[in-house]
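Here is the structure we will look at, set down as C-alpha cells.
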Amino acid sequence: MSATRDAILDRLGTIPDRPDPAVEIVSTMAADGFERRLVEYDVEPGERARAYLLVPDDIDAGDERPGVLAVHPHAGEFAVGKSDPAGLSETAAYHYGVECCRRGHVVCCPDLLCFEDRRPAERERAAGTAPAGADYEKFVAMDRLLRGSSLQAKYLSDLAAALDILEAHDSVAPDSLGVLGHSLGGQEAAWVAWFDDRVDAAVVSSGAARLAAVQREQITHNFALYVPGLLTVGDMDDVLADAAPTPLLVTHGTEDGIFPPDSVRRLGDTVLDAYADAGVPERFELTFFAGGHEFPADVRSNAYAWLDRWLDR
C-alpha cells in the first residue's frame with residue numbers, strides 16, 4: 001500500500017463496520033425486459049438501507065452476468081436517489097441503471113445517505129423536528145466529522161455493502177463488477193474504484209476534478225467532497241491514479257461549471273501517467289464532449305461500451 005494511499009485513508013477517518021447485508025426483498029415489479037426488485041439490507045449494525053436491484057428477464061438458471069453498481073446524482077433533489085438510475089424518475093438521462101440492465105447486466109441502484117428512503121420520516125420533516133434536504137445533508141456530514149469520520153467514508157462503506165449484494169447474487173459473476181455514476185454518482189464511482197479492489201471497471205461522469213481548482217474557483221459542492229485535510233496529502237488525481245490498473249473512463253463536458261474542465265485535463269494527464277507506469281495505459285480514458293454538467297445519450301452509450309469491454313470477459 002502506497003504512502004499516499006495510507007495518508008488518504010487516514011484523512012477519511014473511521015470507516016464504519018459493515019455487517020453481512022442480510023438482504024430482504026421488499027417488493028418486485030415487472031418492467032420492460034427486466035424485473036425491478038426493491039431490497040433492504042444492513043449497512044451498519046442497526047442501520048438498514050434500500051436499493052433497487054434490476055435483473056434482466058433473459059437470465060437462465062446458472063447463468064452469470066456482470067454486476068454493475070449505478071450511483072445516483074445529487075442535483076439538490078433529496079427526494080430522488082435510487083429512483084434516478086432505476087428508471088423511476090422524470091429525468092431520462094439519469095436512467096443509466098436501466099440502460100445497463102437492458103444490455104444484460106444485473107444492476108444495483110442504492111440510496112446514498114440523505115436521499116429518498118434515507119431521510120428522516122416525512123412527519124418529522126413536516127413538523128420541523130428533524131432537518132430536511134440540504135440541512136439534513138449538512139447535519140449528517142458534521143456529525144460524522146465530530147465522531148472522527150467523514151461523509152465520504154460513510155458513502156464508501158455503504159457502497160461497498162451494495163457491492164456485497166451484487167457479489168453474492170446467484171446471477172452475478174463475482175469477478176465482473178463495475179460501477180458508474182453521474183455528478184455525485186461519478187464522484188462516488190471514482191472513490192469506490194480506488195477503495196474497493198472488487199471493482200473491475202468504472203465510469204466517472206462529470207464527477208472528478210482537482211479539488212484545488214474547485215476551491216480556487218470558489219465552487220460549492222456536496223458535503224462528501226470535503227475530506228478533512230485531503231489537500232495536505234494529495235488531490236483527486238492522486239485518488240484516481242491509485243485506482244490503476246482498474247479500467248477507468250472519465251467523461252466531462254467542455255462547459256461544465258461545477259468541475260473546472262482545465263483541472264480535469266490536468267487530472268487526466270496525471271492519471272494517464274500512472275496507468276502508463278503500471279503498464280496499462282489502455283485502461284484509462286478521458287473523454288471530453290461539447291456540453292455542460294450532463295450525461296448525454298451518446299456519452300452514456302460510450303460509457304456502457306466501456307463497461308461491456310472490461311466486464312464481458
Side-chain angles (χ1 to χ4, degrees), residues 66-73 85 93-105 107-109 159 163 166 175-210 235-254 256 258-261 263-313:
V68 174
L69 182 61
V71 192
H72 64 78
Y94 296 163
H95 295 176
Y96 38 84
V98 167
E99 292 175 340
C100 276
C101 184
R102 287 183 173 143
R103 295 174 77 98
H105 305 329
V107 181
C108 183
C109 309
L159 290 171
L163 282 174
L166 283 172
D175 59 349
S176 190
L177 298 176
V179 59
L180 86 159
H182 172 67
S183 194
L184 171 61
Q187 172 184 304
E188 295 313 304
W191 276 101
V192 172
W194 169 83
F195 178 74
D196 200 311
D197 290 339
R198 293 175 296 176
V199 174
D200 298 293
V203 174
V204 176
S205 167
S206 300
R210 298 191 78 250
D235 206 323
M236 283 305 296
D237 43 5
D238 296 291
V239 173
L240 292 183
D242 198 47
T246 301
L248 174 64
L249 171 66
V250 176
T251 69
H252 206 75
T254 56
D256 192 316
I258 297 180
F259 291 104
S263 75
V264 179
R265 294 186 189 279
R266 289 185 59 193
L267 174 147
D269 291 341
T270 300
V271 178
L272 180 57
D273 286 346
Y275 273 72
D277 289 345
V280 288
E282 74 282 0
R283 293 190 176 198
F284 175 72
E285 186 174 309
L286 170 59
T287 300
F288 274 91
F289 60 89
H293 190 72
E294 54 189 308
F295 202 6
D298 58 333
V299 179
R300 296 199 307 276
S301 180
N302 290 337
Y304 307 146
W306 177 267
L307 291 177
D308 292 347
R309 173 185 175 186
W310 297 106
L311 298 181
D312 290 336
R313 292 179 291 166

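Both backbone and side-chain heavy atoms feed into the values below; hydrogens, waters and symmetry mates do not.
When each of V204, L267, T270 is paired with M236, the side chain to side chain contact (heavy atoms under 4.5 Å, CB included) condition holds for L267 and for no other.
Residues D200 and W310 share a closest heavy-atom pair of O-CB, 4.3 Å. Contact between A189 and A202 at its shortest, heavy atoms only, is O-CB, 4.4 Å. Taking all atoms of both residues into account, the shortest heavy-atom contact from L248 to W306 is N-CZ2, 3.4 Å. Here the closest heavy-atom approach between residue A190 and residue L240 is recorded as CB-CD2, 3.4 Å. Contact record, A201 with T246: N-CG2, 4.0 Å, taken as the closest heavy-atom pair. In plain terms, the two heavy atoms of L307 and V68 that are nearest each other are CD1-CG1, 4.3 Å.
Atom NE2 of residue H105 and atom CG of residue L177 lie 11.5 Å apart, to the nearest 0.5 angstrom. Between the CG atom of D175 and the CG atom of L311 there is a distance of 10.0 Å, given to the nearest 0.5 Å. Of the inter-residue distances, the one linking C101 atom SG with H95 atom NE2 reads 14.0 Å to the nearest 0.5 angstrom. Between the CG atom in L286 and the CG atom in L272 there is a gap of 9.0 Å [rounded to 0.5 Å]. Here the CG-CG distance, from D269 to D273, works out to 7.0 Å after rounding to the nearest 0.5 Å. Within the model, atoms CG of N302 and CZ of R309 stand 12.0 Å from one another, a figure rounded to the nearest 0.5 Å.
At least one donor-acceptor pair closer than 3.5 Å links the side chain of D196 to the backbone N or O of R198. Under a 3.5 Å cut-off, the side chain of D256 and the backbone N or O of P261 do not form any donor-acceptor pair. With R283 contributing its side chain and P245 its backbone, the two residues share a donor-acceptor pair below 3.5 Å. Proximity of a side-chain donor or acceptor of S205 to a complementary backbone N or O of G186 within less than 3.5 Å is not detected. Judged purely by atom type and a 3.5 angstrom limit, R300 uses its side chain to pair as donor or acceptor with the backbone of F295. Proximity of a side-chain donor or acceptor of Y96 to a complementary backbone N or O of H182 within less than 3.5 Å is detected.
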Under the criterion side-chain contact (heavy atoms from CB on, under 4.5 Å), I'd like the reasoning laid out for F284 against V250: C-alpha separation, chi angles, the key distance, then a yes or no.
CA-CA 8 Å; F284 175 72; V250 176; 3.9 Å; yes

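Under the 30°/60° scheme for interplanar angles, the aromatic rings of F259 and H252 are found to stand perpendicular.
For R266, the CZ atom is loosely surrounded, since the number of other residues' heavy atoms within 6.0 Å does not exceed 12.
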